[in-house]
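Just below is one structure, and these are the notes that go with it.
Side chains are part of it too, since the values below use all heavy atoms of this structure and drop only hydrogens, waters and symmetry mates.
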Amino acid sequence: MVLMKVHRWFYQDPTTGEWRLTPHTMSAAQVSRVHPEAKVVPWTEEPRMIGGEPFYAEMPSRAAA
């Protein structure tokens, strides 16, 4: 499993020119595709575990019980 850090970001609205806050969290790679000028909001960091086996793969089956 890999630890990925996601944040909320400030981005400049192309229509009004105002700086806005993203409504959801994104990684740096995701936000750079949509809003290359975006700036991270540091206190919004959320660590997420990505990849690997799903949680239920570690649980015993009911047939074994």
Side-chain angles (χ1 to χ4, degrees):
M1 297 186 90
V2 176
L3 177 67
M4 182 173 81
K5 295 180 182 178
V6 293
H7 297 86
R8 292 186 68 189
W9 300 80
F10 282 119
Y11 68 97
Q12 194 167 19
D13 186 327
T15 308
T16 64
E18 295 178 358
W19 285 90
R20 300 185 180 267
L21 187 64
T22 57
H24 52 276
T25 58
M26 292 189 275
S27 69
Q30 291 170 324
V31 79
S32 67
R33 283 184 259 141
V34 183
H35 302 291
E37 77 289 348
K39 298 178 182 175
V40 70
V41 181
W43 58 87
T44 62
E45 179 180 307
E46 292 181 24
R48 294 202 182 151
M49 298 303 287
I50 305 296
E53 293 289 322
F55 175 72
Y56 59 83
E58 300 174 9
M59 297 177 67
S61 68
R62 291 182 180 235

> What residues join M26 in its hydrophobic cluster, counting side-chain heavy atom gaps under 4.5 Å, either direct or through other members?
Replying inline: W9, V31, V40
>> So, taking the atom named CZ in R48 and the one named CG in L3, what distance separates them when rounded to the nearest 0.5 Å?
In response: 11.0 Å
>> Please give me the minimum heavy-atom distance between S27 and V6, naming the atom from each residue.
In response: N-CG1, 3.8 Å
> Hey, does the side chain of E37 reach the backbone of Q12 with a donor-acceptor pair shorter than 3.5 angstrom?
Replying inline: yes
> Minimum heavy-atom separation for T15 to D13, with atom names?
Replying inline: N-OD1, 2.8 Å
> Knowing that exactly one of Q30, R8, K5 qualifies, which makes a side-chain contact (heavy atoms from CB on, under 4.5 Å) with T25?
Replying inline: R8
> Which heavy-atom pair separates V41 from H7 by the least distance, and what is that distance?
Replying inline: O-CD2, 3.8 Å
>> According to ring-ring contact (aromatic ring centres under 6.0 Å, His included), does anything in residues 11-42 pair up with another residue at least two apart or in another chain? List the pairs.
In response: Y11-H35
